[in-house]
Amino acid sequence: MSESGDQTHAIAPDELTAILDTARRFIREEVVPLEPLLLSRPWHEAVHTLNALRVRARALGLWAPFLPEAYGGIGMPLDAFALVSEVLGWTPFGHYVCNCQAPDVGNMELLLAFGTDEQQRTYLAPLAQGDSRSCFAMTEPEHAGSNPVMLSTTAIRDGSHWVINGHKWFTSSADGAAFAVVMAVTDAEETRRHFRASQIIVPLDTPGFRLVRNISVMGEAGAGWASHAEVRFDNVRVPLTNLLGMQGHGFALAQERLGPGRIHHCMRWIGVCERAFDLMCRYAVSRELAPGELLADKQQVQFWIAESRMEIHAARLMVLDAAARMTHAGQESAREEIAYIKVFVANTLQRVLDRAIQVHGALGVTDDTPLAWWYRHERAARIYDGADEVHKSVIARRALKAYGGRGARAEQRNRL
């Protein structure tokens with residue numbers, strides 16, 4: 001395993017302020033004006049414009065803020081990158097043009113921390129340069145996503161290779177990706193459930209891999225990076241050296257990926273909330289219901305604006321607290337706080353978007369603003385990376401643990 005480790009460094013307050021100001025101007029002045037074009041065109045057309053914006057982001061020093069400087073990034077610690085992520089979340093394309101989009105950001109972090117030197121040269125370096133994309137294949141349609149130890153995909157040793165068979169879906173961004181990080185059972189007889197699976201790198205030009213379809217999500221199948229695929233692995237053979245990390249440690253790696261990933265998502269969602277709030281307020285003070293009577297004069301609209309402002313502020317503070325804990329004390333120290341924010345911010349996002357759409361009336365459900373796009377694609381925020389109900393159960397069990405309740409025993413069982 002490579003000894004890359006944590007290659008972030010502290011960012012001085014003045015430097016962070018300058019980066020945030022640059023990012024804010026770039027997003028609002030150069031990316032947002034292109035949204036109508038980008039949202040209305042198919043991926044194979046939009047990607048040319050996005051690539052030009054990527055060149056611009058690199059020139060501005062906004063490329064891959066989370067990556068170490070050796071890979072072309074800024075080397076930001078998580079709590080600083082969280083603030084950048086909010087700024088980029090103002091548009092659906094902010095993270096992509098700065099090469100810190102999911103699922104690539106999580107795969108890059110995994111490869112940086114656990115990849116061998118060869119894996120980093122072959123897979124991490126092209127991702128870091130923006131020359132390739134990747135995907136992460138874990139969820140299976142035959143099993144409940146809320147119980148990740150239920151996996152049917154297998155990887156069996158055969159000489160110097162793994163032979164992988166399985167069926168996955170919601171493998172985001174598989175369309176056009178160079179490789180997948182696949183979660184597969186490698187130790188079927190292991191009695192400890194969380195040590196049965198491993199993560200294996202699979203180039204997607206390997207014989208036996210098949211992209212079945214891009215799944216239609218609320219009427220939109222998408223394409224390229226902006227898609228979720230159903231895929232199959234039929235006797236896919238890859239070298240044993242494609243194992244990422246240690247055999248049987250797939251779930252440990254998944255947790256390493258999910259902790260920072262939830263910070264990334266939550267701060268992006270707060271950026272979405274801020275944009276929705278801005279659109280809501282601008283429309284409220286400009287839309288006349290009658291001569292001299294504005295939407296903003298209505299008490300209900302004022303309540304929606306006040307509720308949104310308070311909830312966004314609370315959400316931001318919660319996420320920044322969790323990010324600071326992770327940065328300075330490690331992921332385990334923030335386990336409960338990560339559960340808090342995953343539930344709280346996802347629900348805040350849904351409420352703020354719904355209010356903004358309601359204020360816009362019929363305009364809100366059209367694609368003339370990004371609100372409807374976000375409403376379609378971000379409803380899943382309360383499902384992926386752990387459904388609300390799963391996180392609430394974790395929070396309750398930990399609370400009950402202090403009282404010796406049944407939650408304490410349930411938590412102990414889940415750690416086995």
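What you see is a predicted model; the values in this text were computed from it and never measured.
Between Arg24 and Asp21 there is a salt bridge, since a side-chain N of the basic residue sits under 4.0 Å from a carboxylate O of the acidic one. Under 4.0 Å is where a charged nitrogen must lie from a carboxylate oxygen, and between Glu86 and Arg268 no such pair does. Under the 4.0 Å criterion applied to side-chain N and carboxylate O atoms, Arg237 and Asp158 are assigned as salt-bridge partners. The residues Glu140 and Lys168 are annotated as salt-bridged, a charged nitrogen and a carboxylate oxygen being separated by less than 4.0 angstrom. Salt-bridge annotation for Glu274 and Arg309: present, with a side-chain N of the basic residue lying under 4.0 Å from a carboxylate O of the acidic one. Under 4.0 Å is where a charged nitrogen must lie from a carboxylate oxygen, and between Arg382 and Asp388 at least one such pair does. Using a cutoff of 4.0 Å between basic side-chain nitrogens and carboxylate oxygens, Arg355 and Glu311 are scored as salt-bridged.
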Please output the side-chain donor-acceptor pairs of residues 39-47 that fall under 3.5 Å, not counting sequence neighbours, one pair per line with the distance.
unit_1	atom_1	unit_2	atom_2	d
Ser40	OG	Pro36	O	2.7
Ser40	OG	Leu37	O	3.1

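Atom CZ of residue Arg54 and atom CG of residue Leu62 lie 13.0 Å apart, to the nearest 0.5 angstrom.
Using a 30° and 60° split on the angle between ring planes, Phe81 and Phe66 fall in the tilted class, from 30° to 60°. Relative ring orientation between Phe195 and His249 is described as perpendicular, the plane-to-plane angle rising above 60° on a 0-90° scale split at 30° and 60°.
For the pair Glu336 (side chain) and Arg398 (backbone), a donor-acceptor distance under 3.5 Å is absent. Side-chain atoms of Trp225 do not come within 3.5 Å of backbone N or O of Arg133 as any donor-acceptor pair.
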Test log, rule ring-ring contact (aromatic ring centres under 6.0 Å, His included), inputs His265 and Tyr384: CA-CA 11 Å; His265 277 310; Tyr384 59 64; 5.3 Å; yes
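Pairs passing the ring-ring contact (aromatic ring centres under 6.0 Å, His included) check and including a residue from residues 343-369, sequence neighbours excluded, read Tyr283-His360.
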